[in-house]
Structures are given as C-alpha cells and as structure tokens.
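Contents: one structure, followed by commentary.
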Amino acid sequence: MSIPEKKLEGTRLFPLKQKKNPIAAFENVKKNYDDVQVLKGVDLNISPGEKLALIGPSGSGKTTMIRMLMTLEKPSSGHIKVEGKYLWHKEVSGGLIPANEKHLREMRQNIGMVFQHFNLFPHMTILRNVTEAPIHVLGLSKEEAHQRAVDMLQKVGLGDKLDAYPAQLSGGQKQRVAIARAVVMQPRIMLFDEVTSALDPELVDEVLQVIKDLAKETDMAMILVTHEMDFARDVADRVVFLHDGQIEEEGKPKDIFENPKSPRLKSFLRRFLKS
C-alpha cells in the first residue's frame with residue numbers, strides 16, 4: 001500500500017470564521033423519482049467546520065442529499081440553504097423563484113465533492129487534473145494554480161506523481177488525486193460520497209487517512225457518506241442515521257455507536273460492527 005509521504009501538519013488550511021448560523025441547511029426537503037419517494041421531508045443543519053457522517057442502508061437517501069447540495073439533483077420540494085442563501089431558489093421582490101444556472105454556478109463555488117469513481121481526466125497529467133479548475137473556475141494564474149496544486153499533492157502523498165497519468169496510478173492514488181483536486185479549490189463545504197467503495201480493501205486505509213488528516217487540519221465543513229463505521233466514529237463530530245428517506249437518529253459518535261436508541265439503527269450497526 002502506498003503511504004502518504006507528508007501529513008497535513010502545521011497551520012490550519014483555509015480557516016473559517018466561526019458563525020452561529022448553519023453553513024448548510026435542509027428544510028423539509030423531499031425528493032421523488034417518478035413514483036418513488038427517496039427523501040421524505042429532511043430537516044438538517046450543518047454547522048461551520050462541522051464533520052458530519054451520514055450513515056444508513058443503501059437506498060436510504062444519503063447520496064441523494066449530498067448530490068442535491070452539490071446541485072447535481074434538484075429537490076422535489078423544500079429548501080436548501082448555503083451560508084443563509086437559498087441554493088435552488090432566488091429571492092426576488094420578497095418571493096422565491098427557481099434559481100438560474102448563473103446562481104447555481106456561483107453557489108457551488110463554495111462546495112466541493114469527491115465521488116466514488118474518481119472522475120479524473122485520463123488524458124491529463126495528475127498535476128493538470130488538479131490545476132484545471134483553479135485556473136478556469138477561480139481565475140488563478142497558472143503559476144499560482146501550479147503552486148497550490150503541488151502543495152496539495154504533496155500533502156496527500158503524491159508529490160512524486162505530478163507528471164504521471166491516471167492510468168499509471170492505483171485506485172487509492174487516483175482517489176487521493178480526486179481529493180486534492182477538490183480541496184485545492186478551497187471550498188467551505190466538502191462532500192465525500194462513499195469514496196472507498198470502489199477500492200480494493202488493501203487501498204482503503206490510505207484514502208481514509210488522508211481524509212482524517214484533512215478533518216483535523218482544515219476548518220471546512222465536511223459531510224461524509226460512508227459505510228466505514230470505525231472511520232465515522234473517529235472523524236465525525238456528529239453522526240446522522242438515515243432510514244427510508246428520513247432521519248431516524250442522530251447524535252455524537254459515542255452515543256450513536258455505543259448507545260443507539262432506534263431498533264433500526266441497532267440492526268444496521270450489528271451488520272457493520274464486530275462488537
């Protein structure tokens with residue numbers, strides 16, 4: 001297994017000013033796919049800098065929630081806010097209208113996402129994969145984007161792979177590139193969607209360690225959809241258990257994993273925890 005060559009140590013990356021208001025909020029959010037209701041009225045606030053783990057069985061709505069926050073899926077009803085602003089709507093003359101693409105594009109500049117399957121550009125070097133968005137989305141100079149990308153790739157243990165192509169990397173290395181590509185944009189909210197589910201078991205730990213280091217060394221809010229229960233226990237400030245499109249139980253990791261209240265949560269955990 002490839003081990004990251006450099007921990008995320010020292011000065012915190014991209015510190016945020018702490019606010020009392022949530023950095024993201026779901027307000028009675030529902031999502032339907034034809035006749036199937038995937039989310040059934042979710043209310044959830046995420047605080048600035050909070051590390052929140054979303055757990056639950058497949059089909060419970062976890063990925064749908066973060067895809068809506070990333071503006072990849074549109075809510076059927078309800079509202080989502082980011083830093084107090086409506087995400088899928090705009091306020092006009094005291095009322096709400098559907099957001100246009102310009103509004104969505106501006107809002108998602110504050111949000112980053114790492115997917116299950118890397119989504120790297122196969123024809124670009126690792127360095128170029130990480131510099132493209134800072135140059136073309138943030139408007140950074142090539143020099144500044146290059147330096148920011150090199151620094152981040154070194155932090156995730158890939159400083160010696162700048163000129164490699166994705167096909168030359170292991171799955172764990174590709175996922176670390178994907179993490180670097182998202183973090184280099186300096187989002188205020190980072191979303192992780194089952195980022196180890198497509199990896200061979202021996203590559204899982206290297207990716208989880210990078211995320212653990214990020215959680216310690218940055219003040220970005222993080223929402224982590226995961227089936228890695230030990231990882232959720234170690235990283236999260238709060239764990240939210242979804243079942244059948246609703247929040248069944250939420251609390252601190254110690255309470256969720258050591259003293260679950262819901263019979264459904266108890267049953268779910270028995271399948272993932274050895275004890």
Side-chain angles (χ1 to χ4, degrees), residues 21-48 50-91 96-101 103-105 107-108 110-117 187-195 197 221-229 232 236-253 256 260-269 271-272:
N21 296 327
I23 194 166
F26 290 75
E27 300 175 348
N28 194 29
V29 173
K30 299 178 183 179
K31 178 62 180 178
N32 302 326
Y33 294 103
D34 297 324
D35 295 332
V36 178
Q37 190 171 29
V38 178
L39 292 177
K40 301 177 180 179
V42 170
D43 291 290
L44 180 67
N45 289 340
I46 299 97
S47 298
E50 183 178 19
K51 281 52 176 180
L52 184 142
L54 281 179
I55 66 172
S58 297
S60 58
K62 307 182 301 297
T63 292
T64 299
M65 283 185 64
I66 62 172
R67 285 179 62 84
M68 287 193 296
L69 191 52
M70 193 64 199
T71 73
L72 299 174
E73 299 279 357
K74 184 177 181 180
S76 300
S77 63
H79 299 119
I80 299 174
K81 292 181 179 178
V82 175
E83 296 189 293
K85 297 181 180 179
Y86 287 99
L87 180 61
W88 284 98
H89 298 83
K90 290 181 66 176
E91 295 185 78
L96 293 177
I97 63 171
N100 56 24
E101 180 56 36
H103 175 82
L104 293 174
R105 187 167 57 247
M107 293 294 289
R108 63 175 166 254
N110 294 316
I111 306 166
M113 186 167 178
V114 182
F115 300 86
Q116 296 179 22
H117 296 287
R188 298 175 71 81
I189 306 170
M190 272 292 295
L191 312 174
F192 296 89
D193 183 21
E194 293 281 12
V195 295
S197 64
M222 293 182 176
I223 304 178
L224 307 114
V225 173
T226 184
H227 280 106
E228 300 284 344
M229 296 299 109
D237 300 311
R238 180 166 48 125
V239 178
V240 173
F241 172 62
L242 259 67
H243 184 275
D244 194 26
Q246 296 176 306
I247 294 177
E248 179 85 7
E249 190 169 340
E250 63 181 287
K252 294 182 179 179
I256 291 293
K261 303 291 193 302
S262 162
R264 293 192 183 103
L265 176 56
K266 292 177 182 178
S267 175
F268 174 81
L269 292 176
R271 287 181 284 153
F272 286 95

Self-check item: Row check, Y86 ring normal vs K90 NZ/CZ: under 6.0 Å, within 45°
Solution: no
Quiz item: Can you find a pair of side-chain heavy atoms, one from E250 and one from L44, that are under 4.5 Å apart?
Solution: yes
Exercise. To the nearest 0.5 Å, tell me how far N45 CG sits from R238 CZ.
Key: 7.5 Å
Quiz item: So which heavy atom on T226 is nearest to which on A232, and how close?
Solution: CG2-CB, 4.1 Å
Self-check item: Pairwise distance CG(L224) to CG(L54) - rounded to 0.5 angstrom
Solution: 8.5 Å
Practice problem: Locate the shortest heavy-atom distance separating L39 from S60; write the atom from each residue and the value. | Solution: CD2-O, 4.3 Å
Self-check item: Nearest non-hydrogen partners of V239 and I55, listed with the distance
Solution: CG1-CD1, 3.7 Å
Quiz item: Does the side chain of Y33 reach to within under 4.5 Å of the side chain of V38, using non-hydrogen atoms?
Solution: yes
Self-check item: Partner residues of H243 under the ring-ring contact (aromatic ring centres under 6.0 Å, His included) criterion, sequence neighbours left out
Solution: none
Quiz item: Mind checking whether K62 and H227 have side chains closer than 4.5 Å, heavy atoms only?
Solution: yes
Quiz item: Do you know the tightest heavy-atom contact between Q116 and D193?
Solution: CG-O, 3.0 Å
Quiz item: Within a strict 4.5 Å, meaning less than it, do heavy atoms of the M229 and F268 side chains meet?
Solution: yes
Quiz item: Going by heavy atoms in the side chains, are K252 and D237 under 4.5 Å from each other?
Solution: no
Quiz prompt | Residue pair H103 / H89: nearest heavy atoms and the distance that separates them | solution = NE2-O, 3.3 Å
Exercise. Could you pull out the closest heavy-atom pair between P253 and A236, with the gap in Å?
Key: CG-O, 3.1 Å
Quiz item: Taking C-beta and beyond as the side chain, do M107 and L104 meet within less than 4.5 Å on heavy atoms?
Solution: no
Practice problem: Report yes if some heavy atom in the side chain of K31 is under 4.5 Å from a heavy atom in the side chain of S76; otherwise report no. | Solution: yes
Quiz item: Roughly how far, to the nearest 0.5 Å, is OG1 of T63 from CD of E194?
Solution: 6.0 Å
Exercise. Would you give the length of the straight line joining atom CE of M70 to atom CG of L191, rounded to the nearest 0.5 angstrom?
Key: 7.0 Å
Quiz item: Between CD of E73 and CZ of R67, what distance do you get to the nearest 0.5 Å?
Solution: 4.5 Å
Quiz item: Hey, which of L87, L72, I189, T71 is the one that makes side chain to side chain contact (heavy atoms under 4.5 Å, CB included) with R108?
Solution: T71
Self-check item: NZ/K85: more than 12 non-hydrogen atoms of other groups inside 6.0 Å
Solution: no
Quiz item: Counting only N and O atoms by type, is there a donor-acceptor contact under 3.5 Å from the side chain of D43 to the main-chain atoms of N28?
Solution: yes
Quiz item: What residues, two or more places apart in sequence or in another chain, satisfy side chain to side chain contact (heavy atoms under 4.5 Å, CB included) together with N110?
Solution: E83, R188
Exercise. Starting at NZ of K51, measure out to CD1 of I223 and round the result to the nearest 0.5 Å.
Key: 11.5 Å
Practice problem: Quick one: list whatever passes ring-ring contact (aromatic ring centres under 6.0 Å, His included) with F26, sequence neighbours left out. | Solution: none
